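To start, the structure under review is shown below, and the notes come after it.
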Amino acid sequence: MTSDVPALAALRRSPVAARRLLVFTCFLVTAVTLTPIVMMVLVAFQSDTESMAARPSLWPRSWHPENIGRAFDLVPLGRYLLNTIFFAGGTALLETVTAALAAYAFARLRFRGRGVLFGVYLTTLMIPSQVTLIPQFVLVAKMHGVDTWPGMILPHAFTALGVFLLRQFFLGVPRDYE
């Protein structure tokens, strides 16, 4: 069977060429991804006038490592990092626990209306998060959870996607392992 595209046919015949193309593609994607990060780090070491120039240069003319200390003095970056870790960790932990419990029930327990209830549960995946934003805020506000950790974490701790994915996993595990 021949291919319509000669380049693809050549790649099929030569695994070395295919490997080189894959390596080149990975290198190209990595370079495109890392370019903004490298630029950000280099600009962080430039002087204020140099970084705000009409035609900024990528490489600093003079290095200013004190800019990093100034950034930590002006903005509490350490606190922001701890907040992010606490929010992400708490959300991930609660989501895993709640999704695992619900998914196990949907995968292993037999009860009336299980399929319909799971279908209704899955239809919530079709609701955009923008639609539920204000009702969630009103609910959190009525529970006096605005500007509190539980008020931030709890609305994100129950999602249908996690239940669906874990249910599919539980269905793939043989009952004999239980």
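The model shown is predicted, which means the values in this text are computed figures rather than measured ones.
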With rounding to the nearest 0.5 angstrom, report the [atom1] to [atom2] distance, [X] to [Y].
{"X": "Leu58", "Y": "Met39", "atom1": "CG", "atom2": "CE", "result": "5.5 Å"}
{"X": "Met143", "Y": "Thr148", "atom1": "CE", "atom2": "OG1", "result": "8.5 Å"}
{"X": "Trp59", "Y": "Phe45", "atom1": "CH2", "atom2": "CZ", "result": "10.5 Å"}
{"X": "Leu42", "Y": "Ile37", "atom1": "CG", "atom2": "CD1", "result": "12.0 Å"}
{"X": "Leu28", "Y": "Leu21", "atom1": "CG", "atom2": "CG", "result": "10.5 Å"}
{"X": "Asp147", "Y": "Met152", "atom1": "CG", "atom2": "CE", "result": "9.0 Å"}

Where the side chain of Ser51 meets the backbone of Ala44, is there a donor-acceptor pair that is under 3.5 Å apart? no
Short side-chain to backbone donor-acceptor contact, Arg108 and Ala103, under 3.5 Å: no
Membership question, hydrophobic clusters at under 4.5 Å side-chain separation (ILVMFWY): are [Y] and [X] in the same one?
{"X": "Phe111", "Y": "Leu166", "result": "no"}
{"X": "Leu161", "Y": "Val163", "result": "yes"}
{"X": "Trp63", "Y": "Val41", "result": "yes"}
{"X": "Ile68", "Y": "Val38", "result": "yes"}
{"X": "Phe164", "Y": "Leu117", "result": "yes"}

Solution key, residues 75-90 side-chain donor-acceptor pairs under 3.5 Å, sequence neighbours excluded:
| from | atom 1 | to | atom 2 | distance (Å) |
| --- | --- | --- | --- | --- |
| Arg79 | NE | Asn83 | OD1 | 3.4 |
| Thr84 | OG1 | Tyr80 | O | 2.9 |

For the residue pair Pro150 and Pro155, what are the closest heavy atoms and their distance? O-CD, 3.9 Å
Closest non-hydrogen atom pair, Ala99 against Gly162: CB-C, 3.7 Å
Taking the side chain as every heavy atom from C-beta outward, state whether [X] and [Y] have any atom pair closer than 4.5 Å.
{"X": "Arg167", "Y": "Tyr104", "answer": "no"}
{"X": "Val16", "Y": "Arg20", "answer": "yes"}
{"X": "Leu22", "Y": "Cys26", "answer": "yes"}
{"X": "Ser57", "Y": "Gln46", "answer": "yes"}
{"X": "Val146", "Y": "Phe137", "answer": "yes"}
{"X": "Asp48", "Y": "Arg70", "answer": "yes"}

Ring-face cation contact, Phe106 with Arg114, 6.0 Å cut, 45° max: no
Enclosure of Asp73 CG (heavy-atom neighbours >12, cutoff 6.0 Å): yes
For Arg61, does the CZ atom have more than 12 heavy-atom neighbours from other residues, nucleotides or ligands under 6.0 Å away? no
Taking side chain to side chain contact (heavy atoms under 4.5 Å, CB included) as the test, write out the residues that go with Ala160, two or more places apart. Tyr121, Thr124, Leu125
